[in-house]
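These notes are about the structure you will find just below.
Being a predicted model, the structure only gives us computed values, none of them experimental. So that the names make sense, note that chain A is the first sequence line, chain B the second, and so on, each numbered from 1.
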Amino acid sequence: MKYIDEFQDPELARRLLDDIHATVTRPWALMEVCGGQTHSIIRHGLDQLLPEQVELIHGPGCPVCVTPLEVIDKALEIASRPGVIFCSFGDMLRVPGTGRDLFQVRGEGGDVRVVYSPLDALLIAQRNPDREVVFFGIGFETTAPPNAMTVHQARRLGIGNFSMLVSHVRVPPAIEAIMSSPSCRVQGFLAAGHVCSVMGVEEYPELAERFRVPIVVTGFEPLDILEGVRRAVRQLERGEHTVDNAYARAVRPEGNPAARAMLEDVFEVTDRAWRGIGVIPDSGWRLSPKYRDHDAEHRFAVDGIRTAEPAECRSGEVLQGLLKPHECEAFGTLCTPRTPLGATMVSSEGACAAYYLYRRLDLPATTTVREASPVV
Amino acid sequence: MCLAVPGRVLDIEERDGTRMATVDFGGVVKEVCLEYLPDLQVGEYAIVHVGFALQRLDEESARQTLELFAELGMLQEEFGDPWEMAAKEAGTDPLEEVRNP
């Protein structure tokens, strides 16, 4: 535990770790769903502080990583059109589409702008009534409510030159898909805290029961993660499988009702492709029919764009917890943050980027790499 | 983008029929929409994601998280210049980039 001194509360960290070490009697594999948690784990070496029997598997919770190549290509196509101002969060700039990214589109003369909030894009639309302003609406349940509110506002204020390219994803169907895979090794989940801040925990008991898997709602500070692991391991050792909220300071059981109501109004559940994984039923949102006027996919007629994922990138296996980043042949050689093959490397929240950034090349490669099988 | 950051409400006003706040994130100040936490008051803390307050947070937790994010450089990642960061990642000299106004 030589790095423990850097924790905000080293004494509490030590106590949590002692408790985990004392509790665990056999091997357990836990999946942290959120990319922020993955970074915290690798950055603080939590996986090395935990007992050897506790394996942390990195889940698919990075919105940038899971956005399908096809959607990136649609974004690039729209952003290249004359008269369009294409607005995006900054972390989408370098996500590779086929042959290029938004950063390059801007270099070629496209009007690509980075916004902090989707409301900034709406403001740009108000100030540029003669231009078409498109916002790239990706993300999980934490990001979807702000984007939903923005579409709602566009409609309320009659801003007709604003549309959104929507590719939102939902966590519970991903958990279901991961657990349904014959290759699945996950025995417990650390659920993404901020997703639950919005959605509450109501979607999880059914999953915990059906797959007999503990689901512990967890924050992403080091102590939060240790506490999440501690509670998950306790349940596993006792043969329990319930939903437990270890992040109560930010998560109410009902989530944020106003945000949930807006999600229901603006979006409808749809099947969604996940980059490297494939289509997961009911795993996404698209604009509901009453907001279709603001759907960029229809407005710019890019529905027909179909792109196959590159075979050499194994990010799909990384996203499903079947492969650790450093086990990929291309990791750190063909594939680096400067020359990413896939989004798990280019996204700052991606598992491959976390391993690259924090130099986890010292880890021994495992002897066998599981064959990837589609989760659905 | 996945990151949600705690911030303290400095000021609240209505704009275009929408409740908006000025929020301080450990020195960086941003406009934040309060439509999802309409009863949030000046001086209170909330978790903010892409310009929207999503859930209340107590002051102590908010402070600890902000300190941690600052230490890890995550505030820079969230609020820094994304073009500069993208150029750096791409290996391009950011000074050669033409900036959008």
Report task. Just do the side-chain contact (heavy atoms from CB on, under 4.5 Å) check on A:V198 and B:H49 with the steps written out, would you? Result -> CA-CA 11 Å; A:V198 171; B:H49 180 57; over 6 Å; no
Report task. Go through the steps for A:V251 and B:Q55 under the test side-chain contact (heavy atoms from CB on, under 4.5 Å), then give the verdict. Result -> CA-CA 8 Å; A:V251 174; B:Q55 201 59 266; over 6 Å; no
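Across A:S117 and B:F52, no two heavy atoms sit closer than the pair OG-CE1, 4.0 Å. Residues A:Q126 and B:D16 approach most closely at NE2-OD2, 3.6 Å, considering heavy atoms. In terms of heavy-atom proximity, A:Y116 sits nearest to B:V48 at OH-CG1, 3.8 Å. Closest approach of B:V50 to A:P118, counting heavy atoms only: O-CD, 3.5 Å.
Proximity to chain A (any heavy atom under 4.5 Å) is shown, for B:L54, by both the backbone and the side chain. Proximity to chain B is limited to the side chain of A:Q153, based on heavy atoms less than 4.5 angstrom apart. For A:P145, the parts lying under 4.5 angstrom from a heavy atom of chain B are both the backbone and the side chain.
Within a 6.0 Å sphere centred on CD of A:E264, other residues, nucleotides and ligands contribute 12 heavy atoms or fewer.
Side-chain N or O atoms of A:N256 include one that pairs as donor or acceptor with a backbone N or O of B:Y36 at under 3.5 Å.
Note that CG of A:D224 and CD of B:Q64 are 9.5 Å apart. Values are rounded to the nearest 0.5 Å. Going from atom CD of B:E35 over to atom CG of A:L119 covers 9.5 Å, rounded to the nearest 0.5 Å.
Per-residue counts of heavy-atom pairs under 4.5 Å with chain B were compared for A:S197, A:A261, A:G193; the largest is that of A:S197. Each of A:Q104, A:M262, A:M149 has some count of heavy-atom pairs under 4.5 Å with chain B, and the biggest count is that of A:M149. Per-residue heavy-atom pair counts under 4.5 Å with chain B were compared for A:G255, A:G90, A:A250, and the maximum is reached by A:A250.
Proximity of B:T18 to A:R156: side-chain heavy atoms (C-beta onward) are separated by under 4.5 Å at one or more points.
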